[in-house]
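In what follows, every heavy atom counts, from backbone to side chain, and hydrogens, waters and symmetry copies are set aside.
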Amino acid sequence: NLDVGSLSDTVSNPEKYSFKDTFTLYNPERPGYEFLGWTGTDLVGYVKEVTIPTGERSDREYTAHWKLTTYSITYNMDGGSFEAEDDAVSTYTINSDEIKIATPVKRGHEFIGWSEGDSDKLVMEPKITTGSTGNKEYTAHWKVCSYKVELDANEGTLGDEKNITSYTYGKEVTLPEPTLKDYLFDGWYDNEEFSGNPIEKITDTTVGDLHLYAKYSYKKEQQATVKYYDGDNLITSDEGSTVQIEDFDKYSLTPYTNKKISFELPEKVMKKGYTFDGWYDNKDLSGEALKSGEYDGDSDVIELYAKF
């Protein structure tokens, strides 16, 4: 009784014998099972080598016994891992339900498939079907990810040679510094509210698309030069100037810490034979006289014109 096992096509065990015969039983095979041995006539326990000697005259009966073989499943992850602990099925038998090899993950990498054993063929989700035998070995293969970068300079300027539009995982990238007139660059942030810490560089462990926002602060204690004109003539502090401004130096420079400021205008302006009638921001003296100086940050020079 081979109990579902079988012998190879080239051998067989006899069904009959005479007292003159001697022979040894051929051991059967069974896919997915280990042969433990024979039990039967004159045997104690499992015996793998049964020989019938010459001179035996009685009927004999032998039964084959088996043990289900457990096979191993090995994974070469190359730095990756399974998301769930129970994804890592490590053993199976010929009677196991179909096993689907799970997809692993690896930071900064895209999974492109499993190869089995020495094969170069990549399969995204290999299966071990019911009835399979043998130890299995799978190797994970990966592609390094590249991600998009969008730098929002917030009215600042980034030269084409400085702009970064993408990065590759594993490679550190230093972020460029944008420029904005009259402002200091305070760093890149990953949110429009500029909360958290500034991002100085894209590290070799950074992942995902990035949208970064430039933050600025006003330059401190800069000065704009104020030039005063009488028509086309520049008013100076020289004693021989046709127009005299009291405390000229007080009004010739104005500090600013903002893009748009107001500043005090000189009121004691003298020109022989004329009465001072206010300051204007244009040579044609059109519009209304200025009550105070206005600076919008477009240049470092402010030009004002006297009306007499």
Side-chain angles (χ1 to χ4, degrees), residues 1-106 109-142:
N1 181 1
L2 300 183
D3 187 21
V4 191
S6 61
L7 298 174
S8 68
D9 294 338
T10 58
V11 298
S12 63
N13 288 324
E15 296 182 357
K16 296 180 180 181
Y17 77 100
S18 72
F19 72 95
K20 297 179 181 179
D21 297 329
T22 182
F23 59 91
T24 299
L25 295 180
Y26 290 103
N27 292 336
E29 296 177 347
R30 184 179 177 183
Y33 289 80
E34 175 190 353
F35 177 64
L36 295 178
W38 299 98
T39 59
T41 305
D42 295 338
L43 299 181
V44 178
Y46 299 137
V47 179
K48 288 190 175 181
E49 185 174 319
V50 176
T51 300
I52 311 299
T54 303
E56 292 295 325
R57 299 175 180 271
S58 61
D59 292 338
R60 293 179 173 270
E61 183 176 350
Y62 298 98
T63 300
H65 293 269
W66 307 94
K67 176 184 177 182
L68 191 63
T69 300
T70 298
Y71 300 104
S72 65
I73 306 174
T74 304
Y75 306 96
N76 300 316
M77 306 293 278
D78 188 23
S81 62
F82 289 117
E83 292 187 284
E85 186 175 340
D86 56 4
D87 285 341
V89 180
S90 59
T91 60
Y92 79 100
T93 71
I94 193 172
N95 296 328
S96 295
D97 293 336
E98 181 178 83
I99 298 172
K100 295 179 181 179
I101 306 302
T103 298
V105 293
K106 182 179 179 180
H109 291 74
E110 175 189 354
F111 177 67
I112 58 174
W114 293 104
S115 63
E116 182 178 353
D118 296 330
S119 174
D120 294 328
K121 182 181 179 181
L122 299 184
V123 180
M124 292 299 294
E125 191 180 71
K127 300 174 183 178
I128 302 175
T129 58
T130 301
S132 297
T133 60
N135 295 327
K136 304 290 185 180
E137 182 176 1
Y138 297 97
T139 299
H141 296 264
W142 308 94

(request) Let me see the working for Asn1 and Glu61 under side chain to side chain contact (heavy atoms under 4.5 Å, CB included), right down to the final yes or no. (result) CA-CA 8 Å; Asn1 181 1; Glu61 183 176 350; 5.7 Å; no
(message) Between Asn13 and Leu7, is the side chain to side chain contact (heavy atoms under 4.5 Å, CB included) condition met? List the steps.
(response) CA-CA 9 Å; Asn13 288 324; Leu7 298 174; 3.7 Å; yes
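Residue Thr93 holds its OG1 atom at 9.0 Å from OH of Tyr71, rounded to the nearest 0.5 Å. Atom OG1 of residue Thr63 and atom CG of residue Asp3 lie 8.0 Å apart, to the nearest 0.5 angstrom. The structure places CG of Asp42 at 6.5 Å from OG of Ser58, a figure rounded to the nearest 0.5 Å. Atom-to-atom distance recorded for Thr129:OG1 and Asp97:CG is 11.5 Å, nearest 0.5 angstrom. Atom CD1 of Ile112 sits about 9.5 Å away from atom CH2 of Trp142, to the nearest 0.5 Å. Going from atom OH of Tyr17 over to atom CZ of Arg60 covers 4.5 Å, rounded to the nearest 0.5 Å.
Between Ile128 and Val89 there is no side-chain heavy-atom pair separated by less than 4.5 Å. Side-chain atoms of Tyr62 and Thr41, non-hydrogen and from C-beta on, do get closer than 4.5 Å to each other.
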Would you give me the side-chain donor-acceptor pairs under 3.5 Å for residues 114-123, sequence neighbours excluded?
from	atom 1	to	atom 2	distance (Å)
Trp114	NE1	Ala102	O	3.1
Ser115	OG	His141	NE2	2.8
Ser119	OG	Lys121	N	3.1

Under 3.5 Å donor-acceptor pairs involving side-chain atoms of residues 21-29, not counting sequence neighbours:
from	atom 1	to	atom 2	distance (Å)
Asp21	OD2	Ser18	N	2.9
Asp21	OD2	Ser18	OG	3.3
Thr22	OG1	Ile52	O	2.8
Thr24	OG1	Thr51	OG1	2.8
Asn27	OD1	Trp38	NE1	2.9
Asn27	ND2	Lys48	O	2.9

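Shown here for Val44 and Val47, the closest heavy-atom pair between the two residues is O-CG2, 3.9 Å. Closest of all the heavy-atom pairs between Ile101 and Glu125 is O-CG, 3.6 Å. Of all the heavy atoms in Trp66 and Arg30, the pair that sits closest is CD1-NH1, 3.4 Å. When all heavy atoms of Gly79 and Lys106 are compared, the closest pair comes out as O-CG, 3.9 Å. Asp87 and Tyr75 get closest at one heavy-atom pair: O-OH, 4.3 Å. Residues Ile94 and Thr130 approach most closely at O-CG2, 3.7 Å, considering heavy atoms.
Judged by distance alone, with hydrogens and angles left aside, the side-chain atoms of Lys67 form no donor-acceptor pair with the main-chain N or O of Leu36 at under 3.5 Å. No donor-acceptor pair closer than 3.5 Å links the side chain of Tyr46 to the backbone N or O of Ala64. Of the possible polar contacts, none joining the Tyr33 side chain to the His65 backbone as a donor-acceptor pair under 3.5 Å is found.
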